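Worksheet for the structure shown next.
Because the structure is a prediction, the values reported are computed rather than measured. Count residues from 1 along the sequence.
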Amino acid sequence: QVQLVESGGGLVQAGGSLRLSCAASGSIFSRNVMGWYRQAPGKQRELVATITTGGSTNYADSVKGRFTISRDNAKNTAYLQMNSLKPEDTAVYYCYFRVGVASWGQGTQVTVSS
């Protein structure tokens, strides 16, 4: 089993920054994918960014150039640096971990005011 603990959400003004972190523990294998999805009230969950153990990244078009995902494999931790935040980024952000079946973090609220 894999457990995910995420943190870093909060309330910021438009144009501000936040950094999310997600620490994985348990049955972690040498190759995996971590990242974040987000879900706003009344909307479907959508991919934000992912990163493999080898450092390959994937971003939603809406966050390219503003968000950066990274990871520290020694700590089994992923980070999402969010800059130039917009009100439309407001959502609950869920950490994601996948080898076979996906595991999900508890979610952290990000609210961006205009």
Any donor-acceptor pair under 3.5 Å from [X] side chain to [Y] backbone:
X: Arg98; Y: Gly100; result: yes
X: Arg19; Y: Met82; result: no
X: Thr53; Y: Asn32; result: yes
X: Glu6; Y: Gly107; result: yes
X: Thr50; Y: Gly35; result: no
X: Thr77; Y: Lys75; result: yes

Heavy-atom closest pair, residues Ala78 and Met34: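 Shortest heavy-atom contact: CB-CE, 4.0 Å.
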
Pairing of Lys64 and Asp61 as salt bridge, 4.0 angstrom limit: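 Looking at Lys64 and Asp61, the cut-off is met.
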
Walk me through whether Thr68 and Tyr79 qualify under side chain to side chain contact (heavy atoms under 4.5 Å, CB included). CA-CA 8 Å; Thr68 302; Tyr79 306 92; over 6 Å; no

Before giving the answer on ring pair (Phe, Tyr, Trp, His ring centres under 6.0 Å), spell out for Trp104 and Tyr96 the whole-Å C-alpha distance, their side-chain angles and the decisive distance to 0.1 Å. CA-CA 5 Å; Trp104 297 90; Tyr96 165 93; 5.3 Å; yes

Could you check whether Tyr94 and Tyr37 have their ring centres less than 6.0 Å apart?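 For Tyr37 and Tyr94, the ring centres are not under 6.0 Å apart.
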
One pair to check against side chain to side chain contact (heavy atoms under 4.5 Å, CB included): Trp36 and Leu47. What are the steps and the verdict? CA-CA 6 Å; Trp36 276 266; Leu47 179 144; over 6 Å; no

Side chains of Thr90 and Thr111: do they bring a donor and an acceptor to under 3.5 Å?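 Thr111 and Thr90 do not have a side-chain donor-acceptor pair below 3.5 Å.
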
